[in-house]
Amino acid sequence: MPITSELRDDGIRVVTMEHPPVNALTVQGWYDVAGALDEAGADLDTHVVILRAEGRGFNAGVDIKEMQHTTGFDALIGANKGCFAAFRAVYECAVPVIAAVNGFCVGGGVGLVGNADCVVASDDAFFGVPEVKQGALGAATHMARLVPQHMMRTLYFTSRTIKAQDLVQFGSVLEVVPRSELDDAAMRVAIDIAAQDTRVIRAAKECLNGIDPIDVNKSYRFEQGFTMELNLMGVADELRDGFAGTDKSGTKNSGTTNSGTKDSGKGSA
């Protein structure tokens with residue numbers, strides 16, 4: 001099972017993502033994350049959630065190879081809906097969600113973390129939204145919750161990443177610790193939250209969501225609309241083919257490059 005959920009006796013629920021090799025989740029994987037968070041919030045014995053990952057990194061976004069090996073737009077639509085469900089479930093979980101981030105956190109990973117209530121990270125953690133490289137848009141809504149606007153735009157347009165340590169100055173990452181201490185750091189925060197009256201904490205979570213200046217669900221769905229446009233234009237398939245080694249766009253057979261011009265025979269990136 002790529003997604004597991006364990007409730008401790010003290011009311012701390014630990015949800016773990018483990019989908020080798022890089023925690024790039026399939027369509028079903030995103031729905032499984034959503035289901036685990038929805039279940040956690042509905043369980044009155046759950047006082048707080050730690051969302052963590054096993055493996056090389058926290059989350060590498062959607063499984064692009066699954067998308068490129070699926071005929072038509074079913075996998076794309078599934079990924080859009082699955083990511084929306086997972087991000088929404090983190091944000092709307094009735095109890096606080098602590099993201100414990102190790103290694104890479106890119107694309108959909110930023111969507112999860114940006115909607116979390118608290119973030120702790122290991123000293124090898126970094127964040128990024130390389131969506132433009134794959135002909136997609138998304139998670140700018142959530143990156144904007146981690147960094148200031150101009151930083152978000154620079155990261156988005158350049159596909160650069162930012163270290164967890166650099167996010168401490170913005171207040172979006174609470175603490176950066178050695179990787180071996182990450183689970184303990186997340187647990188310390190969780191223990192403090194779980195010690196409070198869960199009725200008050202649940203009310204506080206709903207209250208804080210209610211005064212947010214941005215509707216994260218609506219904002220993210222707006223972004224996804226542009227992803228669909230790029231797919232209808234054929235741009236997204238061309239760029240994803242380069243990553244996945246597929247030819248869903250048909251440009252290899254037609255002899256055209258991503259720019260739409262005929263291949264000179266000298267090769268292209």
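The figures here come from the full heavy-atom set of this structure, side chains too, leaving out hydrogens, waters and symmetry mates. None of these values were measured; they are calculated from a predicted model. Positions are given from 1, in the same order as the sequence printed here.
For the pair Glu92 and Lys205, the salt-bridge criterion is not met [side-chain N within less than 4.0 Å of a carboxylate O].
Between the side chains of Thr141 and Glu223, at least one donor-acceptor pair of N or O atoms lies under 3.5 Å. Residues Arg13 and Ser5 have side chains that bring a donor and an acceptor to within less than 3.5 angstrom of each other. Checking Tyr91 against Asp212 by side-chain atom types alone, a donor-acceptor pair falls below 3.5 Å.
Not a single donor-acceptor pair under 3.5 Å links the side chain of Asp10 to the backbone N or O of Ile191. A donor-acceptor pair under 3.5 Å is formed between the side chain of Gln196 and the backbone N or O of Asp192. For the pair Glu66 (side chain) and Val27 (backbone), a donor-acceptor distance under 3.5 Å is present. Looking only at distances, a side-chain donor or acceptor of Asp124 sits under 3.5 Å from a matching main-chain atom of Gly103. The backbone N or O of Val48 lies less than 3.5 Å from no partner atom in the side chain of Thr46, so there is not a single donor-acceptor pair. At distances below 3.5 Å, at least one donor-acceptor pair connects side-chain atoms of Thr158 with backbone N or O atoms of Thr154. Asn23 contributes a side-chain N or O that, together with a main-chain N or O of Glu54, makes up a donor-acceptor pair within less than 3.5 Å. Put simply, the side chain of Ser122 never gets that close to the backbone of Val177: no donor and acceptor are under 3.5 Å apart.
Partners of His142 under the ring pair (Phe, Tyr, Trp, His ring centres under 6.0 Å) rule, at least two apart in sequence or in another chain, are Phe87, Tyr220.
Cation-pi contact between Arg221 and Phe84: present, with separation from the ring centre below 6.0 Å and deviation from the ring axis of at most 45°.
Residue Ile214 places its CD1 atom among 12 or fewer non-hydrogen atoms of other residues, nucleotides or ligands, all under 6.0 Å distant. The neighbour count for Arg179 CZ, taken as heavy atoms of other residues, nucleotides or ligands under 6.0 Å away, is above 12. Around CZ of Phe222, the count of heavy atoms belonging to other residues, nucleotides or ligands within 6.0 Å does not exceed 12.
The distance from the CG atom of Asp166 to the CD atom of Gln169 is 6.0 Å, given to the nearest 0.5 Å.
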